[in-house]
There are 2 protein chains.
Amino acid sequence: MIIIGEKINSSRRQIADAIASGNREYIQNEAKAQRDAGADYIDLNAAAFMEKEADYLKWIIEAVQEVTELPLCIDSPDPEVIKKVISHVKRPPMINSITLEPTRLDGILPLVIDYRATVIGLCQTRNRMGRTAAEKVEIAGRLIEKVTSSGIGIDALYIDPLVFPVGADSNSACATLDAIEEIMKQFQGVHTVCGLTNVSHGLPNRKLVNRTFLAEAVARGLDAAILDPADKQLLGALRASLMLMGKDEYCMGYIKAFRKGLLA
Amino acid sequence: MIIIGEKINSSRRQIADAIASGNREYIQNEAKAQRDAGADYIDLNAAAFMEKEADYLKWIIEAVQEVTELPLCIDSPDPEVIKKVISHVKRPPMINSITLEPTRLDGILPLVIDYRATVIGLCQTRNRMGRTAAEKVEIAGRLIEKVTSSGIGIDALYIDPLVFPVGADSNSACATLDAIEEIMKQFQGVHTVCGLTNVSHGLPNRKLVNRTFLAEAVARGLDAAILDPADKQLLGALRASLMLMGKDEYCMGYIKAFRKGLLA
């Protein structure tokens, strides 16, 4: 299971403030806390800053690389921004994200090759996002075809089937869970990844919904997630669900995390 | 989802004490609390009392039926005990349980017919318990054959694939999850049911493991569980997982339970 720490994202007020005010230490502490909680990648996003995005992202990349050896997940909807900042990354990064939109594909895939990166592929075309399980799987198949025909290994691709608020459509989460299972079965070697917060939009006790969705997704084969690893209840659900799926030999990952006080 | 309230079980010290001392009110309060938390059946077990089991079970049945209209789940490993007490039950009960052992099958199946009961079938033969997913599915198939060839509808049968401690065998929980999915796919109309506590034996933070296992099992198709519905974190995992599987129209089950203060 690959854990991508989501906290350094300019859509969060405290992060946007820290970026705008140049509060390097705040950003660095967020990176260290996620590393200590077990993150495999640190996601970095400055997309809220529009035309200043690339400059700020470079600054964040440098700040975070001063305090951790973890690889970064460079997160921008704009391939031009990714192109501008990626040379500052010291270790092979993850790129977040491509879709079937041609400018994003054509802009990003050469970078994946040049920087030996991995890449998140959203189940989304230029015009629409995959809503049903069948749509998600169909778009996933086309993403895999595009990526592998560029000479990139299928195991460098993390398919994000997307998830929409279950409060607006009772079948939305189930469509994502079905898609995860089907994608992992149909396309051997590919990974699946998912964000969690969107699913609970508008519902009470959102964190309960998010962590339950994570456990269910792990039960269906999910092998990467974008989340806050410092959320002890969320990490508890993750470590327990992996253990129960037989992905934690001798339960040592669960027991170690428990002993470190990381689970609740 | 059918919730079978597990708390009135003589393996629990407080229940054994209440039974032995004739504390009717204690037993009745346990029944009411489980009813109020959303139980569909109240499980009643006096197996710890050996030769007094049938007498005590009759007493419990009467005590509980005084305070709730809910159907009962008559829980004994001994078909003779079930035979002795079942006529005291006012509504069609669930019988817990049969296995492939001939005395249990031959003793219980006529009662299922006579009392229009449902029945839990454990994935267990006379000599062995199903350990791998394949063994569990194979035994489930034989149970279904026995039950349906007696003239009982497949939808009266709740298959319990059994779960063993993941701390002793990393693949034990996964075998159960795989079996649940396969049984629900292969044998249309049958139900699956599972107890939760065995899976976490020997591990820290057992309740976290139990409720995560429940969420994963729901994600794989489980449609009944034996549990403590008054455990708010467990009920939270259950309601959220059902909602995310598209089994809670307009999320009303989740939202109502939240408003009643039943979820955490």
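Lettering follows sequence order; numbering is per chain, from 1.
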Does any N or O in the side chain of Ser170(B) come within less than 3.5 Å of the main-chain N or O of Gly246(A), such that one atom is a donor and the other an acceptor?
no

Does Lys247(B) NZ have over 12 foreign heavy atoms under 6.0 Å away?
yes

Working to the nearest 0.5 Å, report the span between CD of Gln233(B) and CD of Gln233(A).
6.5 Å

Output the option from Val163(B), Thr212(B), Thr176(B) having the highest count of non-hydrogen pairs under 4.5 Å with chain A.
Thr212(B)

Looking at Phe213(A), Tyr250(A), Tyr254(A), which has the largest count of heavy-atom pairs under 4.5 Å with chain B?
Tyr254(A)

Of all of Asp248(B), Val209(B), Asn171(B), Val218(B), which one pairs up most often with chain A through heavy atoms under 4.5 Å apart?
Val209(B)

Using heavy-atom distances under 4.5 Å, tell me whether Phe258(A) contacts chain B through its side chain, its backbone, both, or neither.
side chain

Choice from Ala173(A), Ser200(A), Ala240(A), Ser241(A) maximising heavy atom contacts with chain B below 4.5 Å:
Ser241(A)

Proximity breakdown for Arg259(B) and chain A, heavy-atom pairs closer than 4.5 Å
neither

For chain A, which of Ala217(B), Ala264(B), Gly167(B) has the most heavy-atom pairs under 4.5 Å?
Ala264(B)

Given the options Cys174(B), Pro204(B), Ser172(B), Ala237(B), which has more heavy-atom pairs under 4.5 Å with chain A than any of the others?
Pro204(B)

Looking only at Gly236(A), Ala175(A), Ala168(A), the option with the highest number of non-hydrogen pairs under 4.5 Å against chain B is Gly236(A)

Determine whether Glu216(B) and Arg220(A) make a side-chain contact, defined as any pair of heavy atoms from C-beta on separated by less than 4.5 Å.
no

Contact leader toward chain A among Leu203(B), Leu214(B), Leu263(B), where contacts are heavy-atom pairs under 4.5 Å
Leu203(B)

Quick one: pull up CG in Leu208(B) and CE in Met243(A) and give me the separation to the nearest 0.5 Å.
7.5 Å

Which answer fits Leu244(A), side chain, backbone, both or neither, if we ask what part of it has an atom under 4.5 Å from a heavy atom of chain B?
both

